[in-house]
Each structure stands twice: as structure tokens, then as C-alpha cells.
Amino acid sequence: MSFADLEKLLGFELPNSARSHRPWWANSAHGHVQARGWLDAGYQSEQVDLEKERLVFVRLNKADTIASGGAQPTGNHPLLGCMAGTITIPEGVDLTEPAYSDDEMDVLLDDKAARLRGDRT
């Protein structure tokens, strides 16, 4: 799309920096308020041609949108979803299974309480 097409869609003119500074079009929501708009909408800018005043917005999939700092699954905290897709759970692992038996947990808690009281090192 042309910068003029984008301005028509937005209803206002782009700032001069959009026409002269390539970093203005960076796909980073941190420090680029304008990028937050297209990233939150699920797009990223590509093929920015400042001379011809044209660019392409490409639709991101959900994982790419989150990774780019765009829309989060829920809530507003910037760290929400930051680890999405980075953890692999091996086959056969039961995450609902307790890590320790009741007896093992009792020993661990007793040891911790003793250390806090100064009974043991």
C-alpha cells in the first residue's frame, strides 16, 4: 500500500519521520507506539520503500504476533505469554503427579523449618 493509502485509511497524515527514517517502521512494540497498533492488529510491516512511499503489511499468525510483542492472549502485562511455545513436555510425563510423596514432603518441610529456627545447618 502507499503511504497516501494508509493516510486515507487512518484519517490523518503520517509524521515526517515515517517518510525519512526506516526505523519508524520497525516491528517492535517497545519504544514504537505506532508499531503497537499494527502488531496488536496482527500485522507486521515489510518491504518499506521510503523513496516510493510504499510498504506491505503482512498478517501474522497468533504465535508470531505474540513473539513480535503484539497482542497478548489475555491481560495487559507485557510478560504474559512471553514463553508461549518454548517449553516441550516429554511424552509420558504426568504434570498432575506430585513431585514428592507425602513422606518425602514432610521430611523436606521439617528440614526447612529446622533451618529457619536455627536448629540445623
Side-chain angles (χ1 to χ4, degrees):
M1 83 179 349
S2 69
F3 289 7
D5 291 336
L6 182 56
E7 289 171 330
K8 189 182 295 184
L9 182 69
L10 294 171
F12 56 85
E13 290 184 12
L14 292 169
N16 291 335
S17 56
R19 290 183 157 77
S20 58
H21 300 290
R22 185 168 309 285
W24 194 91
W25 296 101
N27 291 305
S28 171
H30 305 291
H32 294 99
V33 175
Q34 68 281 5
R36 178 58 125 200
W38 63 72
L39 291 170
D40 281 351
Y43 290 87
Q44 74 178 18
S45 62
E46 289 187 1
Q47 302 176 29
V48 178
D49 186 335
L50 297 179
E51 187 176 307
K52 293 181 181 177
E53 294 193 347
R54 298 188 64 77
L55 79 150
V56 173
F57 281 110
V58 176
R59 183 73 143 147
L60 299 171
N61 65 40
K62 188 175 179 179
D64 288 339
T65 301
I66 295 167
S68 298
Q72 302 296 322
T74 58
N76 294 323
H77 195 280
L79 293 179
L80 183 64
C82 71
M83 298 297 292
T86 62
I87 298 170
T88 304
I89 300 167
E91 191 173 324
V93 172
D94 181 1
L95 296 177
T96 63
E97 182 180 312
Y100 298 100
S101 70
D102 288 343
D103 291 337
E104 291 171 319
M105 186 56 71
D106 286 343
V107 170
L108 289 171
L109 292 174
D110 287 344
D111 287 346
K112 178 72 172 182
R115 282 194 304 278
L116 290 172
R117 286 190 308 264
D119 295 349
R120 294 187 218 161
T121 57

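Here the structure is a predicted model, which means the values were calculated and not measured.
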Colleague: Which value, rounded to the nearest 0.5 Å, describes the distance between D49 atom CG and R22 atom CZ?
Modeller: 7.0 Å
Colleague: Under the 3.5 angstrom rule, does the side chain of H21 hit a backbone N or O of S17 as a donor-acceptor pair?
Modeller: no
Colleague: Would you compute the distance between atom CG of N27 and atom CZ of R36 and round it to the nearest 0.5 angstrom?
Modeller: 12.5 Å
Colleague: Once ring pair (Phe, Tyr, Trp, His ring centres under 6.0 Å) is applied, do any residues pair with W25, and if so which ones, sequence neighbours excluded?
Modeller: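 So W25 forms a ring pair (Phe, Tyr, Trp, His ring centres under 6.0 Å) with F3, W38.
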Colleague: Considering only Ile, Leu, Val, Met, Phe, Trp and Tyr, and joining two whenever side-chain heavy atoms are under 4.5 Å apart, list the other residues clustered with V33.
Modeller: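 V33 clusters with nothing; isolated.
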Colleague: Measuring from atom CG of L14 to atom CG of L6, what distance do you get when rounded to the nearest 0.5 angstrom?
Modeller: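 Interatomic distance, L14 CG to L6 CG, rounded to 0.5 Å: 5.0 Å.
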Colleague: Counting only heavy atoms not in D94, do more than 12 fall under 6.0 Å of its CG?
Modeller: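 For D94, atom CG is crowded (more than 12 foreign heavy atoms under 6.0 Å).
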Colleague: Drop me the distance from D103's CG to L108's CG, to the nearest 0.5 angstrom.
Modeller: 11.0 Å
Colleague: I need the minimum non-hydrogen distance between S45 and L55, along with the two atoms involved.
Modeller: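 For S45 and L55, the tightest heavy-atom pair comes out as CB-CD1, 3.9 Å.
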Colleague: Any chain of hydrophobic side-chain contacts (each under 4.5 Å) joining V58 to L9?
Modeller: no
Colleague: Where do A35 and A26 come nearest, in terms of heavy atoms and distance?
Modeller: CB-O, 3.3 Å
Colleague: Looking at E53 and A4, would you say the former's side chain and the latter's main chain have a donor-acceptor pair under 3.5 Å?
Modeller: no
Colleague: Looking only at non-hydrogen atoms, find the nearest pair between H32 and P23 and report the distance.
Modeller: NE2-O, 3.4 Å
Colleague: Show every salt bridge (charged side-chain N to carboxylate O under 4.0 Å, His left out) that has at least one partner inside residues 6-16, sequence neighbours left out.
Modeller: E7-R19
Colleague: Grab the two heavy atoms, one from R59 and one from A41, that are nearest each other, plus how far apart they are.
Modeller: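 Result for this residue pair: NH1-O, 2.7 Å.
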Colleague: With hydrophobic residues grouped by side-chain heavy-atom distances under 4.5 Å, do F12 and W24 end up in a single group?
Modeller: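 F12 clusters together with W24.
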Colleague: Less than 4.5 Å apart, side chain to side chain, heavy atoms only: is that true for M1 and V56?
Modeller: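 With C-beta onward as the side chain, the pair stays apart.
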Colleague: How far does CG of D106 sit from OG of S101, to the nearest 0.5 angstrom?
Modeller: 8.0 Å
